[in-house]
There are 2 protein chains.
Amino acid sequence: MPIGRIPVQDVRPQVDGGLRPVASVVGEALDITASVFREGHDAVNATLVLTDPDGVEHARLMTCDNPGLNHWVATIAPERMGWWSYRVEGWSDPFGSWDHDATIKVKADVDTELMLEEGARMVERALAEVKRPKEAKALLKNVVTTLRDTAIDPLERLAAGTSEEVTAELRRRPLRDHVSCSPSYPLLVERERALAGAWYEIFPRSEGATYDPAHHRWTSGTFRTAANRLPAIAAMGFDVVYLTPIHPIGQAAKKGPNNTLTSTPEDPGSPYAIGSPAGGHDALHPDLGDWEDFDFFVSQAARHGLEVAMDIALQASPDHPWVQSHPEFFTTRADGTIAYAENPPKKYQDIYPLNFDNDPAGAYAEVRRVMQVWIDRGVKIFRVDNPHTKPVEFWQWLIADVAADHPDVIWLAEAFTKPAMMHTLGKVGFQQSYTYYAWRNTAAELREYVEELAGDASYYMRPSFWPTTHDILTPYMQFGGPAAWKMRAVLAATLVPTYGIYTGYELVEHVARPGVEEQIDNEKYEYKNRHWEDYEPGGAKEGQSLAPYLTRINEIRRAHPALAWLRNITFHRTDDEAVLAFSKRRTVTEPDGHQWEDVVLVIANTDPHSTRTTVVHLDMPALGFESHEGFIAHELLTDQEWAWYQDNTVVLGPGTDLAHVIHVKRYF
Amino acid sequence: MPIGRIPVQDVRPQVDGGLRPVASVVGEALDITASVFREGHDAVNATLVLTDPDGVEHARLMTCDNPGLNHWVATIAPERMGWWSYRVEGWSDPFGSWDHDATIKVKADVDTELMLEEGARMVERALAEVKRPKEAKALLKNVVTTLRDTAIDPLERLAAGTSEEVTAELRRRPLRDHVSCSPSYPLLVERERALAGAWYEIFPRSEGATYDPAHHRWTSGTFRTAANRLPAIAAMGFDVVYLTPIHPIGQAAKKGPNNTLTSTPEDPGSPYAIGSPAGGHDALHPDLGDWEDFDFFVSQAARHGLEVAMDIALQASPDHPWVQSHPEFFTTRADGTIAYAENPPKKYQDIYPLNFDNDPAGAYAEVRRVMQVWIDRGVKIFRVDNPHTKPVEFWQWLIADVAADHPDVIWLAEAFTKPAMMHTLGKVGFQQSYTYYAWRNTAAELREYVEELAGDASYYMRPSFWPTTHDILTPYMQFGGPAAWKMRAVLAATLVPTYGIYTGYELVEHVARPGVEEQIDNEKYEYKNRHWEDYEPGGAKEGQSLAPYLTRINEIRRAHPALAWLRNITFHRTDDEAVLAFSKRRTVTEPDGHQWEDVVLVIANTDPHSTRTTVVHLDMPALGFESHEGFIAHELLTDQEWAWYQDNTVVLGPGTDLAHVIHVKRYF
């Protein structure tokens with residue numbers, strides 16, 4: 001491929017060489033960079049051409065921020081959703097060349113008349129070759145006359161040709177020679193929730209479930225009773241309420257409490273064993289209510305400012321209607337039976353995995369139909385269970401097909417698997433990914449991992465940080481105590497823009513089933529009434545919930561838009577390897593045009609068992625200061641204020657706080 | 001773009017996402033890697049498909065060398081020049097899946113008959129769907145029968161289905177499902193000299209030039225007298241003799257000694273001021289001889305095993321014939337004059353730069369014609385002066401056009417400029433690049449730089465290391481003394497496969513023109529008779545030349561093919577920041593098929609002024625050993641042998657040696 005008269009190289013970001021889109025959200029700043037250079041000494045310049053979803057091109061001059069590396073940059077922040085694209089145009093800059101040479105030579109009185117005449121000819125070209133408004137034309141015509149007017153002092157003529165007005169006009173509507181284009185790279189701009197949000201998970205059947213000790217019987221919670229929990233979730237400041245599967249549950253090989261293989265008819269079973277004669281993925285569990293009840297839940301959530309996310313687990317109980325209606329969606333063994341899930345020699349007889357290879361078109365269409373059922377009822381966020389056990393190309397098709405009609409639908413991949421699969425699911429359309437956060441505990445691990453996520457990976461995979469899940473309770477959380485639970489929530493909520501907790505996190509449910517890194521008496525297999533009322537003022541357990549702490553974290557997130565971005569993170573050095581320090585910075589433009597600088601600094605002791613006294617060495621320019629300046633450090637969790645400088649001593653321990661979240665404020 | 005049923009991601013190497021070729025030379029090992037993975041637990045496999053210049057495809061199984069990263073690799077070493085390409089095919093592996101599951105389950109007696117029947121069906125498919133030789137068919141048919149023979153012990157039947165023969169056959173001719181291709185990436189394989197060689201520069205006019213003190217007149221050396229120097233250059237072990245420009249020199253504004261602006265008619269002028277009434281770039285300087293003499297020089301070089309490289313400096317003296325015949329090849333100023341070279345306010349009135357924009361087609365064709373003149377006379381290597389002052393797209397066109405007829409032509413870019421231009425010149429066709437080696441002096445600088453060059457950059461830019469040039473004499477070389485000159489030659493000759501020296505290097509010509517990092521009395525502006533005979537045995541300066549040292553270096557290079565490769569380098573840790581340690585390792589296959597392992601270890605003290613005693617900590621696996629093993633360290637410059645282990649003390653200083661070059665030998 002021809003290199004072009006003015007080479008444009010290394011346009012970034014790009015995902016898979018431009019085969020897949022760079023991901024961004026509305027209003028998110030994105031630096032487009034390129035290496036643009038030319039032979040010899042003449043001036044070179046670069047234009048970023050951004051094409052909006054309607055195909056309209058928007059050109060802007062780029063800035064050379066590193067001449068030694070010929071590195072050019074322009075920052076964009078697309079203001080609406082859709083498929084954008086960008087390219088970089090390198091060009092020879094006759095005005096820049098003349099400006100540089102003439103300024104040196106005329107001042108040294110070398111070739112003075114020649115240089116001024118060449119300037120006049122250059123401006124004549126700029127007039128002839130580029131369309132300009134009338135005033136600009138008049139300005140440039142005057143310049144031509146002045147440049148040639150030998151009655152005037154040459155330095156004055158030079159000044160006329162290089163004036164601010166002329167420079168501004170020739171930057172706005174430049175004379176460009178040898179324009180050379182890079183390839184065009186796709187950019188998919190999605191809604192802000194694709195990047196930032198606070199999630200709260202519930203098992204709807206648990207919320208409002210009641211136990212009758214006389215008869216040893218549970219009554220399931222319903223959409224109506226679960227809706228009663230919504231005000232509390234909203235009051236804590238969450239944005240998304242995510243429901244584990246709400247479909248009918250199979251009876252075949254139903255699991256008992258704590259994942260036992262035997263169950264009684266009283267056991268509700270795992271909601272991940274989807275499908276019964278009552279229906280499959282497009283149906284509601286009869287105990288939870290009917291469609292009206294579901295719609296009520298969704299509308300109540302909206303009333304409280306919460307979006308509903310649904311759990312999509314594409315697998316079937318042996319009782320799923322698909323087993324009869326679509327046996328081709330499953331794998332049939334040599335003996336004619338349908339294959340259940342296995343990890344040889346272990347068998348999971350309550351689950352039939354889907355097989356998309358027997359009838360891809362049929363299986364794809366059926367899943368697409370199911371998705372539309374929920375989209376039509378107002379659900380626009382889907383948390384996908386184990387997407388890495390289905391063909392990647394299936395997700396690529398499904399997400400694109402849904403997006404064609406519903407570009408506001410967001411998919412979160414629960415793919416706790418190897419990096420290649422996780423990253424590729426991001427590349428093919430998942431807006432968000434659970435990450436390895438639960439297993440990144442030391443300061444060094446966290447820094448390395450977040451630098452990876454906020455670096456090149458950020459262009460196709462958006463992280464969602466969860467300190468625990470209903471499947472994950474690491475030894476760190478089992479034994480870290482409430483201090484660890486608070487600190488891990490702070491880090492999840494501030495390191496990346498999207499984080500979430502599973503219900504019960506606020507109660508520090510840290511006891512694991514022996515031998516398994518998962519909660520004991522896991523809600524997956526039984527009802528759980530947490531008696532939230534006990535934690536209310538005057539209740540028996542008042543003060544024992546982390547809810548107020550989580551509420552404060554979410555308040556801070558809402559007040560500080562810097563925390564809603566990912567790539568704006570900077571890590572700072574500390575003298576203690578257990579202490580992590582990082583900041584986020586963002587220039588915020590209010591709807592009225594007012595701009596302000598939001599800077600948040602987080603410092604956390606990742607060792608929940610001991611107090612660390614250490615010095616934090618701040619990268620002052622990253623906070624917007626000169627090295628010698630000071631600032632007001634407003635600790636937002638405790639509402640304290642300190643005078644801070646480049647190097648500051650912090651004391652962080654389980655007895656006081658493991659984390660500071662600091663609003664960095666200028667003195668004036 | 002669809003992701004494919006079995007995703008294949010991150011195929012490497014690739015240059016500019018496959019827009020430009022990966023560069024390699026005949027016989028050079030090249031690892032092709034990819035990330036290949038699939039959903040769920042079934043077995044995945046990968047095939048590298050290499051397409052040769054005739055379009056014939058060669059498939060080979062890849063190896064998964066890092067299951068956690070789903071990283072697959074195959075090493076290729078194309079055996080002939082031309083445009084190759086490669087792609088990676090990911091596929092589902094029914095044999096692998098069955099082998100894994102059946103081995104576990106049959107041994108645990110779980111689903112035994114079912115697993116064996118599924119194995120039989122899988123082998124039946126392997127028979128039906130893949131063409132095989134008769135014996136392989138017989139083998140697999142037997143396996144089918146055995147797998148189904150309930151009279152035989154199930155473990156025996158399993159063993160039959162998973163035997164070495166069956167595995168080998170199903171690796172050689174696998175049953176592949178869901179084959180998914182990566183894009184195809186171009187690979188340009190060039191001749192070995194494009195990667196490896198030792199160069200020696202001369203000014204032909206200096207070799208055999210004589211001075212008549214009586215009349216204060218020089219007589220120029222000629223191609224015939226310069227040819228007398230060839231045996232000595234060949235005896236030192238060089239591969240390429242490179243001539244500074246040999247064309248007629250202009251008289252206009254001719255430079256005098258030491259780059260002075262005034263000259264006498266006796267001064268020969270700079271050979272870079274090309275063109276006079278005697279001719280231009282397609283002509284010979286009359287003082288050097290005629291075409292017969294030139295042909296004699298080239299043929300004598302070949303007789304001594306030397307290739308001739310010519311210096312191509314595309315610029316003109318005001319006396320160049322092009323100024324009259326092709327004024328459109330230059331820039332005409334507003335006053336009608338032709339523009340000379342400038343760096344405002346400085347003027348270089350002896351040089352007219354070419355302008356390729358007035359008549360690109362004409363200028364390109366004329367340069368192409370000139371190149372053919374030299375190619376037709378047997379010159380196949382061109383050292384291009386300042387290629388970064390001509391349009392990059394011109395070089396791309398020229399090199400490709402020449403290569404279409406003469407794929408053995410090699411171009412070395414003398415582009416001492418910013419990285420973007422240097423790298424891009426490599427991407428558009430230059431086989432070699434001078435580098436920043438002259439300015440990389442500390443051990444840390446050298447390591448960082450060579451790791452860059454031997455890393456991703458190696459796929460499009462091959463380094464050529466020169467400790468000095470006729471334009472570059474760094475303070476390090478001015479003041480390092482002979483010890484530095486020896487050590488810098490060793491490093492140049494061993495860090496990368498191509499290195500070179502300018503004539504006089506062996507005489508440690510270290511005196512700079514005051515205020516300039518360039519030799520005093522530079523040969524660019526005057527004749528220089530070095531009286532080589534003085535350094536011969538019995539001569540007045542016997543023992544004062546580094547020629548024997550350089551000879552030994554080149555002997556070592558020839559005896560050790562590991563030094564002819566670039567990417568096979570490993571750096572080792574030392575306790576002294578001045579001491580650099582690295583090794584190169586290569587499995588060498590002799591024409592008779594015999595294979596041996598060549599391992600060379602270099603340790604250098606980069607501080608030429610003090611002796612350093614330090615410990616070198618060897619990465620033993622990189623040398624082919626276990627950590628606890630020992631080896632014979634054969635120091636090749638001094639012919640000493642030591643018993644070495646993982647950690648070894650070295651003493652390196654100007655009093656003894658600054659560098660060890662060690663052949664790493666096994667005890668047995």
Side-chain angles (χ1 to χ4, degrees), chain A residues 1-5 7 9-10 14 16-20 35-41 67-71 100-101 104-105 108 110-111 113-114 117-118 121 177-178 180 183 333-335 342-345 347 353 357 387-394 396-397 418-421 423-424 427-428, chain B residues 1-5 7 9-10 14 16-20 35-41 67-71 100-101 104-105 108 110-111 113-114 117-118 121 177-178 180 183 333-335 342-345 347 353 357 387-394 396-397 418-421 423-424 427-428:
Chain A
M1 181 175 142
I3 192 77
R5 178 64 185 82
Q9 291 276 291
D10 288 328
Q14 49 174 273
D16 288 359
L19 290 181
R20 307 188 199 293
S35 166
V36 182
F37 58 95
R38 67 170 300 164
E39 81 292 350
H41 297 289
L69 295 180
N70 302 109
H71 188 267
H100 173 267
D101 292 357
I104 294 171
K105 293 175 76 173
V110 174
D111 297 341
E113 286 302 325
L114 179 55
E117 172 58 24
E118 289 188 342
R121 292 189 188 186
D177 282 341
H178 309 309
S180 310
R333 306 291 306 268
D335 62 0
E342 288 190 80
N343 187 6
K347 300 181 173 191
D357 292 319
H388 56 293
T389 58
K390 288 87 193 170
V392 177
E393 66 174 10
F394 159 70
Q396 185 179 32
W397 176 86
K418 299 174 186 173
M421 174 61 88
H423 287 234
T424 304
K427 288 179 180 177
V428 302
Chain B
M1 183 175 143
I3 191 77
R5 178 63 184 83
Q9 290 277 292
D10 288 328
Q14 48 174 275
D16 288 359
L19 289 181
R20 308 189 199 293
S35 167
V36 183
F37 58 95
R38 67 171 299 166
E39 82 291 351
H41 297 288
L69 295 180
N70 302 107
H71 188 268
H100 173 266
D101 292 356
I104 293 172
K105 293 177 74 173
V110 174
D111 296 340
E113 285 303 323
L114 179 56
E117 172 58 25
E118 288 188 345
R121 293 187 187 186
D177 282 342
H178 308 310
S180 309
R333 305 291 306 269
D335 61 1
E342 289 189 81
N343 187 7
K347 300 180 173 191
D357 292 320
H388 55 293
T389 59
K390 289 89 195 170
V392 177
E393 67 174 10
F394 158 71
Q396 184 179 33
W397 176 86
K418 297 174 187 174
M421 174 61 88
H423 286 235
T424 304
K427 288 180 181 177
V428 302

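In this text the structure is predicted, and so the values were computed from the model without any measurement. Lettering follows sequence order; numbering is per chain, from 1.
Ranked by heavy-atom pairs shorter than 4.5 Å toward chain B, the options A:Leu114, A:Asp335, A:Val428 are led by A:Leu114. Contact tally against chain A (heavy-atom pairs below 4.5 Å) for B:Gly18, B:Pro391, B:Ser35: the top residue is B:Pro391. Note: B:Gly68 leads B:Ala108, B:Gly68, B:Pro183, B:Pro387 in heavy-atom pairs under 4.5 Å with chain A. When each of A:Glu113, A:His100, A:Lys105 is checked for heavy-atom pairs under 4.5 Å with chain B, A:Lys105 comes out on top. Between chain A and the options B:Ile3, B:Val36, B:Leu69, B:Asp177, heavy-atom pairs under 4.5 Å are most frequent for B:Ile3. The greatest number of non-hydrogen atom pairs below 4.5 Å with chain A, out of B:Val110, B:Leu19, B:Asn343, is found for B:Leu19. Across A:Lys347, A:Arg121, A:Gln14, A:Gln396, the residue that shares the most heavy-atom pairs under 4.5 angstrom with chain B is A:Gln396.
Residue contact with chain A, scored on non-hydrogen atoms closer than 4.5 Å, involves the backbone and the side chain of B:Pro345 alike. Using a 4.5 Å cut-off between heavy atoms, B:Arg20 contacts chain A through its side chain alone, with no backbone atom that close. For A:Lys390, the part lying near chain B is the backbone, with the side chain staying farther off; criterion is any non-hydrogen pair under 4.5 Å. For chain B, the nearby parts of A:Pro2 are the backbone and the side chain; heavy atoms of each come within less than 4.5 Å.
The distance from the OG1 atom of B:Thr424 to the CG atom of A:Asp10 is 7.5 Å, given to the nearest 0.5 Å. Between the CZ atom in A:Arg38 and the CD atom in B:Glu393 there is a gap of 11.0 Å [rounded to 0.5 Å].
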query = Going through the checks in order, is the side chain to side chain donor-acceptor pair (under 3.5 Å) test met by B:Asp357 and A:His178?
reply = CA-CA 9 Å; B:Asp357 292 320; A:His178 309 309; 3.2 Å; yes
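In this structure, the side chains of A:Arg333 and B:Asp111 come closer than 4.5 Å at one or more pairs of heavy atoms. In this structure, the side chains of B:Thr389 and A:His41 stay at 4.5 Å or more apart for every pair of heavy atoms. Using a 4.5 Å heavy-atom threshold, the side chains of B:Arg5 and A:Val392 count as separate. Taking 4.5 Å as the limit, every side-chain heavy atom of B:Asp16 sits out of range of all side-chain heavy atoms of A:Met1. Contact check for B:Gln9 versus A:His423: no side-chain heavy atoms found under the 4.5 Å cut-off.
The two residues A:Glu117 and B:Ala334 come nearest to each other via the heavy atoms CG-CB, 3.9 Å.
Not one N or O on the side chain of B:Glu342 forms a donor-acceptor pair closer than 3.5 Å with the backbone of A:Asp101. At least one donor-acceptor pair closer than 3.5 Å links the side chain of A:Lys418 to the backbone N or O of B:Pro67.
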